[in-house]
Number of protein chains: 2
Amino acid sequence: MARTRETAITGQHTENPTSIDADEPWMRGLHADTGYLLYRLGLRSGQLFNTFLQESGLRLRHYAVLRFLAGSEGSLQRELSTRLGYDPSAIVGLVDDLEKLGFAERRPSPDDRRSRIVVLTETGRGFLRDTDEAGQRVTNELLGPLDPAERATLHALLLRAADRP
Amino acid sequence: MARTRETAITGQHTENPTSIDADEPWMRGLHADTGYLLYRLGLRSGQLFNTFLQESGLRLRHYAVLRFLAGSEGSLQRELSTRLGYDPSAIVGLVDDLEKLGFAERRPSPDDRRSRIVVLTETGRGFLRDTDEAGQRVTNELLGPLDPAERATLHALLLRAADRP
DNA sequence: AGCAATAATTGTTGTCGTCAATAGTTGTTG
DNA sequence: CAACAACTATTGACGACAACAATTATTGCT
């Protein structure tokens with residue numbers, strides 16, 4: 001087992017005279033703080049999502065766009081860029097691919113001839129519906145040891161943390 | 001070359017004419033299921049971590065290695081690879097960098113002359129201690145709207161989900 | 001002794017993010 | 001209203017990096 005206490009004392013790291021306790025924040029080991037935990041779990045989640053998306057020819061970013069489009073009916077590419085945090089140039093390629101697959105299409109904006117409105121097609125909706133089940137499989141895989149109630153609270157908490165500009 | 005695999009889904013996604021209900025699981029919008037939520041939040045967390053690590057010349061993966069080393073005293077590179085989910089070749093460069101900064105060092109294994117044991121130096125421990133405070137700042141930024149109690153439960157849940165081989 | 005398996009490393013390749021530049025369009029203002 | 005600044009989508013270029021394959025050195029098996 002990690003007897004880190006010993007090694008911490010080996011050298012003279014006496015700048016901090018406070019007792020070296022295993023409960024010290026910087027000693028809490030791998031899963032120290034929540035931010036880091038989120039990063040690790042998010043990574044795993046992304047990997048799982050990716051592997052199951054792979055057989056559809058899409059990647060995670062495509063899925064993110066689709067999900068966003070499902071939420072708001074039609075959106076400017078600029079909007080996609082800012083809300084999803086991807087570079088505008090990245091959006092171009094993503095929407096290209098989605099269009100090629102028939103999952104989304106660009107429409108001219110009535111107001112502004114520079115803008116294009118990206119809208120989810122019926123095919124795209126079908127894809128989302130079909131993959132939703134697989135997505136839940138991934139979630140199950142990810143949240144193995146948690147019972148339904150715990151999952152619900154986790155979901156709610158994550159939602160609160162995520163739902164803000 | 002876009003490795004657009006010929007979308008194995010083409011025939012699937014039955015366009016079932018069931019009413020499009022906003023409560024349908026696949027319609028719940030952007031933050032549909034927990035796995036996806038984790039992915040998005042993990043991304044944000046990673047970005048924040050990265051920006052504050054940037055001024056130290058390290059990246060997120062270095063930090064992950066350091067954190068792992070802090071937990072187990074000395075570990076084979078192979079172990080780092082499997083536990084952290086990074087490719088063995090990636091570990092090489094990461095440990096190189098950490099060694100160059102004096103945060104870790106390779107030691108020969110007494111048992112096996114192929115293996116090297118990577119061990120955290122005292123300097124590395126100091127770095128972790130110093131950056132821990134910044135890490136908590138990131139966490140605060142990330143979990144803004146949650147009160148301490150909620151953060152605690154979230155942390156516990158994430159820990160349960162993360163702590164398994 | 002021979003041969004598969006393993007640890008670390010190097011090399012290669014494709015992808016992603018970022019930055020600059022362009023074309024078309026709108027808004028502003030002198 | 002004419003000139004200029006700001007904005008949208010797009011393209012192109014470049015560096016960083018991650019995933020995969022190949023190499024070298026060592027160990028274990030039989």
Side-chain angles (χ1 to χ4, degrees), chain A residues 39-40 42-51 53-55 57-65 69 74-100 104-119, chain B residues 1-5 39-40 42-44 46-51 53-54 56-65 69 74-100 104-119:
Chain A
Y39 161 66
R40 294 295 301 173
L43 211 66
R44 283 237 305 260
S45 178
Q47 288 169 347
L48 289 175
F49 258 99
N50 241 341
T51 51
L53 276 180
Q54 207 162 1
E55 62 198 25
L58 303 130
R59 277 155 293 152
L60 215 48
R61 304 179 143 222
H62 298 114
Y63 189 73
V65 172
L69 289 178
S75 116
L76 305 173
Q77 301 189 194
R78 160 114 184 106
E79 198 176 352
L80 286 171
S81 167
T82 56
R83 294 296 291 269
L84 262 50
Y86 302 149
D87 193 89
S89 57
I91 303 289
V92 178
L94 292 176
V95 177
D96 280 352
D97 296 344
L98 293 179
E99 224 171 15
K100 229 164 284 177
E105 59 182 29
R106 288 177 230 243
R107 295 183 180 174
S109 165
D111 313 333
D112 191 335
R113 279 199 297 179
R114 306 173 281 186
S115 311
R116 314 272 178 100
I117 296 181
V118 186
V119 56
Chain B
M1 185 80 71
R3 73 193 294 61
T4 52
R5 315 173 60 83
Y39 162 66
R40 294 295 301 174
L43 213 65
R44 283 237 305 260
Q47 289 169 345
L48 288 175
F49 257 99
N50 243 339
T51 51
L53 276 179
Q54 206 162 0
S56 318
L58 301 131
R59 277 155 293 150
L60 214 48
R61 299 182 146 218
H62 297 113
Y63 190 71
V65 172
L69 289 179
S75 112
L76 305 174
Q77 300 189 194
R78 164 109 184 114
E79 198 176 353
L80 286 171
S81 167
T82 56
R83 294 295 291 268
L84 262 49
Y86 302 150
D87 193 88
S89 58
I91 304 289
V92 177
L94 293 176
V95 177
D96 281 351
D97 296 343
L98 293 179
E99 225 171 15
K100 229 165 285 180
E105 60 182 30
R106 286 177 231 244
R107 294 183 182 172
S109 165
D111 313 332
D112 191 335
R113 278 199 299 180
R114 309 172 279 186
S115 312
R116 313 274 177 99
I117 296 181
V118 185
V119 54

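In what follows, chains are A, B, ... by sequence order, proteins preceding strands, each numbered from 1.
Applying the salt bridge (charged side-chain N to carboxylate O under 4.0 Å, His left out) rule to pairs touching residues 84-93 of chain B yields nothing, sequence neighbours excluded.
Note: CZ (B:Arg78) to P (C:dT9) measures 14 Å, nearest angstrom. The CG atom of B:Asn50 sits 12 Å away from the C1' atom of D:dA16 (whole-angstrom rounding). Nucleotide C:dA8 holds its C1' atom 11 Å from the CG atom of B:Leu76, rounded to whole Å. The interatomic distance linking B:Leu84 (CG) with D:dA18 (C1') rounds to 15 Å, in whole Å. Regarding B:Asp97, its CG atom lies at a distance of 12 Å from the C1' atom of D:dC17, rounded to whole Å. At whole-Å resolution of the value, CG in A:Leu58 and C1' in C:dT15 are 16 Å apart. Taking atom CD of residue B:Glu79 and atom C1' of nucleotide C:dA8, one finds them 15 Å apart after rounding to whole Å. Between the CG atom of B:Leu80 and the P atom of C:dT6 there is a distance of 19 Å, given to the nearest Å.
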Contacts under 3.5 Å, N or O only, protein and nucleotides 20-22 of chain C:
none

**OP:** Given ring pair (Phe, Tyr, Trp, His ring centres under 6.0 Å), test A:Tyr39 with B:Phe49 step by step and report yes or no.
**Re:** CA-CA 9 Å; A:Tyr39 161 66; B:Phe49 257 99; 7.3 Å; no
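Between B:Arg61 and D:dA19, a side-chain N or O to OP1/OP2 separation shorter than 4.0 Å is present.
Side-chain contact between A:Arg59 and A:Leu53 is absent, with no heavy atoms from C-beta onward closer than 4.5 Å. The shortest side-chain heavy-atom distance between A:Arg78 and A:Thr82 falls under the 4.5 Å cut-off. Side-chain contact check for A:Asp97 versus A:Leu58: every heavy-atom pair is 4.5 Å or farther apart.
A heavy-atom distance below 4.0 Å to DNA chain D is reached by these residues of residues 106-118 of chain A, ordered by number: A:Arg106, A:Arg114, A:Ser115, A:Arg116.
Note that the OG atom of B:Ser115 and the CG atom of B:Leu76 stand 5.0 Å from one another [nearest 0.5 Å].
Among all heavy-atom pairs drawn from B:Leu48 and B:Thr51, the shortest one is O-OG1, 2.6 Å. Nearest heavy atom pair, residue B:Ala104 against residue B:Leu69, reads CB-CD1, 4.2 Å.
Within 6.0 Å of CZ on A:Arg106 lie more than 12 heavy atoms contributed by other residues, nucleotides or ligands.
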